[in-house]
Amino acid sequence: MTTTAHASQGTRRPDHFLWGASTAGHQVDGNDTNADTTFLEHVTPSVFKVPADAACNSWEQWEDDLDLIKSFGLNAYRFSVEWSRIEPEHGHVDESALDHYDRVVDGCLERGIAPAVTLCHFTAPHWFAKEGAWFNPQAPDWFTEQCSRVISRLGDRIALAVTFNEPNLPHILAAGGLPQEAIDLQRLCLDAASRKAGVARYRTGNVAIPEEFDELEEGFKKAHRAAVAAVRAERSDLPVGLSLSVIDDTYATERGKELCETKRAACYGTWVDAVQGDDFIGVQNYEQLVYGDDGIIPPAPGVPVNGMGTEVKPLSLVGSVEYIHELTGLPVVVTEHGISTDDDELRCRFIRESVPPLIDMVRRGVPVLGYFHWTLLDNFEWISGYDSKLGLCSVNRESGNFERTPKPSAGVYRDLVASVVL
């Protein structure tokens, strides 16, 4: 494996190891009416199985969510601020939305929870998508205005800032063999959105077509560098970085090694320069893929698999963390890690077997600054709607009260955190 470790490790660090859970606004808040994703959910055809609608009603029940995090013995919460709520129309800032996030941050601190804020978790305003989103040369300026207003309001009380969530995801999906019918549906969805919005090119961050992947990533990279500068201009000591989707890629043959290295270069290597000077790199890991002569080797019959159909591999977490740390030279925050499954006993085993090896890495001196489990609640999981279960808690969306019920896995995570001394 060829690595690049020429980045100096950031001096801006949280003052303790972050044990947390992650959510994203569009996936839990509900009724995000001015978001690009909401618009895409309501065109025909749409790549989204169902609209998010009320989601988990967390915009109203955020205090319930914070109480759950506290009850699990966690000291951190990663959530996103939704640009479309703060700037629903270009140039119009909704101060009541900023007030809402003020209350969430204060609510975290009152409970001894460190807030970790994601500035863009896929979604953006509808007006931004109509302007071509990250393909527009003005996108970095528009995004930095948003970052500046958020950090100006919240930056004195948060533990870290994540600029983008998984901006490398389009290349990850393509490398995993995205079916042609899925590509065709995304193209039709974007075409339908462009027609409905009355623009030539309606574009978003998490629905893309292959011939535009490179241009989209370049837009993300420019906006990331500008956003880091904007964050530091508001609060120079706030740790800032971005999160990458990282599969633990490995191989079983020499040809498989070539395929693996080619995939890694396309999906991760292109980001090394863009993150130099950041304070951390976020790792979001859910699976391991093994490459053979003909590509990805499918799971053996009878082995446990996750909702993506790949074999459950708890050690994929430390494999991905080690790789990205060596590649970038940056400290790591595990900003997401979890398993899509209806079998919570499988989730319990997965947590028990994946997190302790990460702690061993920390004890060996690898600069891992925190671990955030994805996710707190069974939520809206993008194109799969509400079918994919990754939460530590179930949510009764049919009752109208959105009752949260902790699963046994929440207790496993709580007990594990309580037992760790660092």
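It should be emphasised that the depicted structure is a prediction, and the values quoted were computed from it without experimental measurement.
R232 and D237 are not joined by a salt bridge, as no carboxylate oxygen comes within less than 4.0 angstrom of a charged side-chain nitrogen. Looking at K263 and D249, a side-chain N of the basic residue comes within less than 4.0 Å of a carboxylate O on the acidic one, giving a salt bridge. Under the 4.0 Å criterion applied to side-chain N and carboxylate O atoms, E60 and R103 are not assigned as salt-bridge partners. Contact check on E131 versus R203 returns no salt bridge, with no Lys/Arg side-chain nitrogen under 4.0 Å from an Asp/Glu carboxylate oxygen. Between E95 and R153 there is a salt bridge, with a side-chain nitrogen of the basic residue lying less than 4.0 Å from a carboxylate oxygen of the acidic one. Note on D279 versus R13: no salt bridge recorded, every NZ/NE/NH1/NH2 to OD/OE distance being 4.0 Å or above.
In terms of heavy atoms, Y371 sits closest to L358 at CD1-CD2, 3.8 Å. In this structure, V50 and F380 approach most closely via the heavy-atom pair O-CE1, 3.3 Å. Residues A175 and C267 approach most closely at CB-SG, 4.0 Å, considering heavy atoms. For the pair P239 and A159, the tightest heavy-atom approach, listed with the atom from each and the gap, is CD-O, 3.3 Å. Closest approach of P406 and A410 over heavy atoms only: CB-CB, 4.3 Å. Taking both residues in full, the closest heavy atoms of F213 and A174 are given as CE1-CB, 3.7 Å, listed atom of the first, atom of the second, then distance.
Taking CG of L346 as the start and OG1 of T341 as the end, the distance is 4.5 Å to the nearest 0.5 Å. Between Q186 atom CD and L173 atom CG the span is 7.5 Å, to the nearest 0.5 Å. One distance of note links OG of S58 with CD of E63; it measures 12.0 Å at 0.5 Å rounding. In this structure, L98 CG and H100 NE2 are separated by 10.5 Å, a value rounded to the nearest 0.5 Å. To the nearest 0.5 Å, the span separating OG1 on T335 from CG on L160 amounts to 9.0 Å. Taken to the nearest 0.5 Å, the CZ atom of F48 stands 11.0 Å off from the NE2 atom of H42.
The closest donor-acceptor contact from the side chain of T38 to the backbone of D32 lies under 3.5 Å. Formation of a donor-acceptor pair under 3.5 Å by the R235 side chain with backbone atoms of I158 is found in this model. Counting only distance, with no hydrogens or angles, the side chain of W134 and the backbone of A129 share no donor-acceptor pair below 3.5 Å. Not a single donor-acceptor pair under 3.5 Å links the side chain of T328 to the backbone N or O of V272. Put simply, the side chain of K313 never gets that close to the backbone of L289: no donor and acceptor are under 3.5 Å apart. In this structure a side-chain-to-backbone donor-acceptor pair under 3.5 Å is missing from S384 to D387. Under the 3.5 Å distance criterion, the side-chain polar atoms of N285 are matched with a main-chain donor or acceptor of E287. Looking only at distances, no side-chain donor or acceptor of N168 sits under 3.5 Å from a matching main-chain atom of L244. Side chain of T144 to backbone of D141: a donor-acceptor contact under 3.5 angstrom is found. Panel note: side chain R397, backbone V395; no donor-acceptor pair is recorded below 3.5 Å.
Residue V412 is tested with E345, R352, R347 for a side chain to side chain contact (heavy atoms under 4.5 Å, CB included); the sole match is R352.
Judged by distance alone, the side chains of Y286 and E336 do bring a donor and an acceptor atom under 3.5 Å apart. For the residue pair S388 and S340, a side-chain donor N or O sits within less than 3.5 Å of a side-chain acceptor on the partner. A donor and an acceptor atom, one from each side chain of D184 and Q180, are located under 3.5 Å apart. For the residue pair S399 and N401, no side-chain donor N or O sits within less than 3.5 Å of a side-chain acceptor on the partner. For D344 and S409, the side-chain atoms include at least one donor-acceptor pair closer than 3.5 Å. When only modelled atom types and interatomic distance are considered, T163 and H224 share a side-chain donor-acceptor pair under 3.5 Å. Judged by distance alone, the side chains of T310 and Q288 never bring a donor and an acceptor atom under 3.5 Å apart. Residues T23 and Y77 bring a donor and an acceptor atom of their side chains to less than 3.5 Å of each other.
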Verdict with reasoning, T405 to N396, per side chain to side chain contact (heavy atoms under 4.5 Å, CB included): CA-CA 8 Å; T405 302; N396 187 343; over 6 Å; no
Could you go through D378 and K407, starting from their C-alpha distance and side-chain angles, then the distance that decides it, and tell me whether this counts as salt bridge (Lys or Arg N to Asp or Glu O under 4.0 Å)? CA-CA 10 Å; D378 285 339; K407 302 175 186 177; 3.0 Å; yes
Just do the side chain to side chain contact (heavy atoms under 4.5 Å, CB included) check on L18 and F372 with the steps written out, would you? CA-CA 8 Å; L18 300 175; F372 291 82; 4.1 Å; yes
Between Y268 and H171, does a side chain to side chain contact (heavy atoms under 4.5 Å, CB included) hold up when you go through it step by step? CA-CA 9 Å; Y268 318 116; H171 275 117; over 6 Å; no
Worked check of side chain to side chain contact (heavy atoms under 4.5 Å, CB included) between R201 and E212: CA-CA 12 Å; R201 197 185 195 194; E212 296 181 350; 3.1 Å; yes
Show, in sequence, the C-alpha distance, side-chain angles and deciding distance for S96 and D94, and conclude whether the side-chain hydrogen bond (donor to acceptor under 3.5 Å, both in side chains) test is met. CA-CA 5 Å; S96 68; D94 186 344; 2.5 Å; yes
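Taking the six-membered ring for Trp and the full ring otherwise, H373 and W19 have centroids separated by 6.0 Å or more. Aromatic ring centres of W59 and F79: separated by at least 6.0 Å. Aromatic pair F72/Y413: ring centres not closer than 6.0 Å. F280 and H325 have their aromatic ring centers separated by at least 6.0 angstrom.
Here the side chains of L376 and D65 are in contact, with some heavy-atom distance below 4.5 Å.
By the neighbour-count criterion of 12 heavy atoms within 6.0 Å, atom CD of E403 is densely surrounded, having more than that number from other residues, nucleotides or ligands. Under a cut-off of 6.0 angstrom, the local environment of CG in L416 is crowded, with over 12 non-hydrogen atoms contributed by other residues, nucleotides or ligands. Summarising the local packing, NZ of K49 is surrounded by 12 or fewer heavy atoms from other residues, nucleotides or ligands at distances under 6.0 Å.
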Name every donor-acceptor pair, under 3.5 Å, that has one atom in a side chain of residues 104-122 and the other anywhere in the protein, sequence neighbours excluded.
{"from": "D106", "atom 1": "OD1", "to": "R157", "atom 2": "NH1", "distance (Å)": "2.8"}
{"from": "R111", "atom 1": "NE", "to": "D67", "atom 2": "OD1", "distance (Å)": "2.7"}
{"from": "R111", "atom 1": "NH1", "to": "G107", "atom 2": "O", "distance (Å)": "2.9"}
{"from": "R111", "atom 1": "NH2", "to": "D67", "atom 2": "OD1", "distance (Å)": "3.2"}
{"from": "T118", "atom 1": "OG1", "to": "R78", "atom 2": "NE", "distance (Å)": "2.9"}
{"from": "T118", "atom 1": "OG1", "to": "R78", "atom 2": "NH2", "distance (Å)": "3.3"}
{"from": "H121", "atom 1": "NE2", "to": "N165", "atom 2": "ND2", "distance (Å)": "3.2"}

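Partners of H126 under the ring-ring contact (aromatic ring centres under 6.0 Å, His included) rule, at least two apart in sequence or in another chain, are F39, Y202.
Ring-plane geometry between W83 and F143 is classed as tilted, the angle between the planes lying from 30 to 60 degrees on a 0 to 90 degree scale. Between W127 and H90, the ring planes are parallel. Angles under 30° get that label, and only those over 60° would be called perpendicular.
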